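Heads up: the structure comes next, in structure tokens.
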Amino acid sequence: MDLKFLVVDDSVTMRRIVVNSLKSLGYGSYVEAVDGKDALTKLGADATVNFIITDWNMPVMSGLELVKAIRGGSDRATIPILMVTTRGVKEDIVEALQAKVSNYVVKPFTPQILKDKIEAILANS
Amino acid sequence: MANSEKNISEIFTKLDDLKNVFKFAESIVPIIQSIIEFMEEMTPLLDTINSSISQSAGQIQAGTDRISDVTSATEMATTEILDLVDEIIDTLLNIQNNVKEANNKKPEIDLLFSEIITELEGTPNGEALIARLKTIQESRLDYQGLFEDLSKVSDKTNQITLALQVQDITSQQLASVNHLIESVHNRLNSLVSEIDESEYKIEDIGAEPEPVRTTFDSNASFTKGSKQVDIDSIINEHKEDNSKQQASQDDIDKLFS
């Protein structure tokens, strides 16, 4: 399966790091978005995007709001979504899982963790 | 007669009460006087406090601006480092590819050396040439070792990239500090307005600054290691809970019985 990632983070540093990690794992196809709203626009404009990696804390529209928007009846409701965030409190993780995020990675992460989670999501989907 | 005496007695009693009131008033006059003096002394003091709070509120604005500048500066610096690291990784990749290519040609070169040595055996000056060829062959680069060293450098470079996640994490911590400072700023503004509404207005101190990030994680921390393990155990626990929450038909029947 050819994967095309939508990398959503308001931090240019984090987008670069996620994209570099994806490249080092052999995933070269991606688009970037600066917040949840931008991500919805990019997702709507590009039907080939089939995997989302999103931050939680973002202005305009947060990652959690993005997950809820996608899962809540959009035509891309089943797309895999990996949350990559600094939020490591149990309540936050449970909230994200209840919003039907596919998996959850806490920053700082390594490419190996990213790889494990991507593979786990794909194995379950 | 008796009534008149009673009335006179009451009048004296009232006069005594009146006398006591005057005595009491006489005793509290100095207290009232000291309160007035205290208030007179407090007025300039309050004014000084008011002015000081007003100035502090202005300085807080400058402080939040500086924190925002720090965030912008570190983001710019991190981007520059990432650019350089990307260049190093690309260069390393080119060198690794060249080394790999050279290493792949090694058997062919070894075979050529071997054939030349065979040809030279028994010829005049052959032994000397063979010895020189063998020296050259032995001194050739250890391509495999070089490739492994380059891989180690490449791994370390990738680790630098990952360590730069600290910029995002610290920027969230700074945004959290900024938010706290802004809260203090707003409280001070309110206090200034209450102390002297006519003299120190909120507008005089400056508008509330826009936060660097409208959302942030105040608990963000740069901790390597076991954090993801904890997260995974919470996720698994949640999944187990959910599977437990999948009610059996018996459970559903019990609910309806």
Side-chain angles (χ1 to χ4, degrees), chain A residues 9-25 34-36 55-66 82-114 116-117 120-121 124, chain B residues 71-72 74-83 85-86 89-90 93 154-155 157-173 175-176 210-239 241-242:
Chain A
D9 202 309
D10 58 322
S11 160
V12 64
T13 306
M14 281 314 302
R15 288 202 306 275
R16 285 279 296 271
I17 291 171
V18 171
V19 166
N20 280 3
S21 299
L22 290 174
K23 282 180 184 171
S24 75
L25 296 171
V34 296
D35 56 52
D55 181 27
W56 182 319
N57 299 306
M58 292 181 291
V60 185
M61 183 190 246
S62 74
L64 189 70
E65 288 166 335
L66 171 67
L82 176 62
M83 181 82 84
V84 180
T85 175
T86 54
R87 300 173 84 113
V89 182
K90 187 177 177 179
E91 288 73 20
D92 290 337
I93 300 159
V94 171
E95 194 179 357
L97 288 168
Q98 284 168 346
K100 295 192 173 62
V101 72
S102 308
N103 215 316
Y104 199 98
V105 170
V106 71
K107 296 174 189 172
F109 64 89
T110 62
Q112 186 58 47
I113 290 173
L114 206 59
D116 291 347
K117 297 301 169 193
I121 290 171
N124 288 329
Chain B
T71 303
S72 302
T74 55
E75 189 164 66
M76 273 176 64
T78 308
T79 305
E80 281 178 29
I81 294 168
L82 279 168
D83 288 341
V85 168
D86 280 355
I89 288 172
D90 286 345
L93 200 64
S154 187
D155 286 346
T157 321
N158 281 324
Q159 282 172 24
I160 293 172
T161 305
L162 294 171
L164 291 173
Q165 289 177 78
V166 73
Q167 193 278 324
D168 176 58
I169 291 162
T170 51
S171 77
Q172 293 200 45
Q173 289 167 338
S176 169
E210 283 290 318
V212 181
R213 285 174 75 126
T214 50
T215 56
F216 53 83
D217 176 17
S218 55
N219 296 316
S221 67
F222 190 73
T223 316
K224 286 182 179 176
S226 62
K227 227 173 164 183
Q228 187 61 42
V229 177
D230 297 338
I231 305 296
D232 289 346
S233 71
I234 293 168
I235 292 170
N236 290 334
E237 192 181 300
H238 181 79
K239 281 178 183 167
D241 285 350
N242 272 356

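The basis for the numbers below is simple: all heavy atoms, side chains too, and nothing from hydrogens, waters or symmetry mates. Owing to the predicted nature of the structure, the values given are computational and were not obtained by experimental measurement.
- Taking the charged nitrogens against the carboxylate oxygens, A/Arg15 and A/Asp55 have no contact shorter than 4.0 Å, which rules out a salt bridge.
- When the candidates A/Met14, A/Arg87, A/Arg16 are compared by the number of heavy-atom contacts under 4.5 Å with chain B, A/Arg16 comes out ahead.
- The closest donor-acceptor contact from the side chain of B/Ser176 to the backbone of B/Gln172 lies at 3.5 Å or more, if one exists at all.
- Residue with the most contacts toward chain B among A/Asp92, A/Val105, A/Val106, A/Ile93: A/Val106 (heavy-atom pairs, distance under 4.5 Å).
- Looking at A/Gln112 and A/Asp116, their side chains do bring a donor and an acceptor atom within 3.5 Å of each other.
- Taking B/Thr78, B/Thr79, B/Asp86 one by one and counting their heavy-atom pairs under 4.5 Å with chain A, the maximum is reached by B/Asp86.
- Per-residue heavy-atom pair counts under 4.5 Å with chain A were compared for B/Ile81, B/Ile89, B/Val85, B/Asp232, and the maximum is reached by B/Asp232.
- At distances below 3.5 Å, at least one donor-acceptor pair connects side-chain atoms of A/Glu65 with backbone N or O atoms of A/Ser62.
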For this session: Go through A/Thr85 and A/Tyr104 one step at a time and tell me if the side chain to side chain contact (heavy atoms under 4.5 Å, CB included) criterion holds.
Result: CA-CA 8 Å; A/Thr85 175; A/Tyr104 199 98; 3.3 Å; yes
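- The contact between A/Lys117 and chain B is made entirely by side chain atoms (from C-beta outward), counting heavy-atom distances below 4.5 Å.
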